[in-house]
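Only one structure is covered here, and it is reproduced in the block below.
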2 protein chains.
Amino acid sequence: MISTAEENYLKAVFKLETELQGTVPTGALAQSFNIQAPSVTDMVKKLASKKLLRYEKSKGVRLTDKGRKIAVAIVRKHRIWETFLVQTLEFRWDEVHALAEQLEHVHSEELIDRLDTFLGHPKIDPHGDPIPDKNGKIQATRAITLKMGEPGNTYKLIGIREDSIELLQFLNKLKIGLGSVLFIEDRESFDQSLRVKVDNKAQGFLSAIVANALLVVDA
Amino acid sequence: MISTAEENYLKAVFKLETELQGTVPTGALAQSFNIQAPSVTDMVKKLASKKLLRYEKSKGVRLTDKGRKIAVAIVRKHRIWETFLVQTLEFRWDEVHALAEQLEHVHSEELIDRLDTFLGHPKIDPHGDPIPDKNGKIQATRAITLKMGEPGNTYKLIGIREDSIELLQFLNKLKIGLGSVLFIEDRESFDQSLRVKVDNKAQGFLSAIVANALLVVDA
DNA sequence: TAATAAAATTAGGTAAGCCTAAAAATATTT
DNA sequence: AAATATTTTTAGGCTTACCTAATTTTATTA
Ligand SMILES: [Mn+2]
Ligand SMILES: [Mn+2]
Ligand SMILES: [Mn+2]
Ligand SMILES: [Mn+2]
């Protein structure tokens, strides 16, 4: 049996592997859980002994296929639950992450499959993140971040690259949501912030940090 | 914060207090969790120190008002989740208990309230057990067990007094479910088993043990 | 490359929730 | 009321998932 803590480690390694494009140092895991480094060293040794990841001392870890399979299954559960909470129970997109963090650890394939069917096999969650299918296949996206966009171009928001409630609520304030049309009027060279129009209404500046979290496609 | 283990203890004490009509000995808890007695002694001391129950050494425990409130809230969650699983996700009544045992520990009032609303404020769960309302009020039932019924009388099944999957599946086989009409033809004096007709079709004998788990009202 | 800084590991410890073995308290039989 | 049986508690241990302090390894800078 796999514990909630172990599942969370695998999920975090999965995420960090993509972000860091390779081996995940133990320190990155410590930071992401807000725990101390030695706790991570212990745990990755255990996960390595279970063949869920490979651990190179003082270098970091990589998921094994077995570990990645579990990680993706949890991401799938997380996103299906988030979709259920927003679509069916009418929570706002900024309210569901913490709940999904709990629900993703409920052990039952059958439950997730039925939820998935009930929801009509959704392809993305309320934040635009792709929902892995039953076989662990994740829809590739050709989205870029708004930060990479060009002044004079128009983009459509299709995802948020962040779990932060604060960011989601900030976007609520700006009346920006999935599907919003963002026109880049200008990029301020001083801080790389962007002056944008949202849905054709003048809006103001988005910091480079925010722009970097917004996944967009050409509109 | 209250842990899953602690919540399970409170729920069990709540159940056993009614069944035993009073103080719950530690041994009864050990038996109900299939764990050893010393583990229970430890835990009830902790719960007593948290004022969730009163503990008299070598006698047993009683819930405090604070403890009972938590216990009832968990029973409410358990039954709402079971209702959701059967009503919305179309699980069978014998499939949902173990899942609800996990889901009942998800911490969120809001989630349960929204589920409750989504389900239309159900009064009973798929096994006929009353769902406590938001204030912890539990609908009193004037049901008796079929065992207490009289030959010649007709009853309607409104609840099952048991969490056993085996019993539920046995009832499935007998085509007995909530709402079934049970006519007691005879009581066998040797073993107190009952010869019954189910929904007007001859059925055969129900053991006293089964009859004792069936909650019925006059039909 | 030697010195220094940063990151990771080792060593030893804690709380939660379980365990076994032994002792004590309570209940039942004779 | 003794003797015996049953139930409960005490004492000491184990595992999981964390911790701090000290040490070692790796990376950076002089
Ligand atoms: Mn999320
Ligand atoms: Mn999401
Ligand atoms: Mn149940
Ligand atoms: Mn039930």
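Below, chains carry the letters A, B, ... as their sequence lines are ordered, and counting in each starts from 1. The figures that follow rest on heavy atoms only: side chains count, while hydrogens, waters and symmetry mates do not.
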Check: Would you say D:dT7 has OP1 or OP2 under 4.0 Å from some side-chain N or O of B:Thr26?
Finding: no

Item checked: Whole angstrom value for the distance that separates P of D:dT25 from CD of A:Glu56 -> 16 Å

Next item on the list: Please identify each residue that fulfils ring-ring contact (aromatic ring centres under 6.0 Å, His included) with B:Phe205, with sequence neighbours left out.
Entry: none

Check: Who are the salt bridge (charged side-chain N to carboxylate O under 4.0 Å, His left out) partners of B:Glu104, not counting sequence neighbours?
Finding: B:Lys11

Next item on the list: Measure from CG on A:Asn8 to P on D:dT16 and round the result to the nearest Å.
Entry: 17 Å

Margin query: In whole Å, I'd like the distance from the CD atom of B:Gln31 to the C1' atom of D:dT6.
Written below: 13 Å

Item checked: Donor on one side chain, acceptor on other, A:His127 and A:His97, under 3.5 Å -> no

Note to self: Just N and O in the side chain of B:Thr41: are any of them under 4.0 Å from OP1 or OP2 of D:dT8?
What the structure shows: no

Next item on the list: May I have the distance from A:Tyr55 (atom OH) to D:dT25 (atom P), rounded to whole angstrom?
Entry: 12 Å

Check: When the distance from CE of B:Met1 to C1' of C:dA16 is rounded to whole Å, what number comes out?
Finding: 16 Å

Notebook entry, point to check: Could you give the CG-to-P distance, from A:Leu47 to D:dT16, as a whole number of Å?
Noted result: 12 Å

Check: Can you list the residues that meet the ring-ring contact (aromatic ring centres under 6.0 Å, His included) rule with B:Phe118, with sequence neighbours excluded?
Finding: none

Margin query: Strictly under 4.0 angstrom, non-hydrogen atoms only: write out the protein contact profile of nucleotides 18-29 of chain C, one letter per nucleotide from the 5' end, B, S or -.
Written below: BBBB----S---

Margin query: Does a side-chain N or O of A:Lys45 approach OP1 or OP2 of C:dT9 to a distance below 4.0 Å, or not?
Written below: no

Check: Of all residues at least two apart in sequence or in a different chain, which pass the side-chain contact (heavy atoms from CB on, under 4.5 Å) check with A:Ile144?
Finding: A:Met148, A:Tyr155, A:Val216

Checklist line | Pairing residues for A:Lys134 by the side-chain contact (heavy atoms from CB on, under 4.5 Å) criterion, not counting sequence neighbours | finding: A:Arg76, A:Glu109, A:Asp113

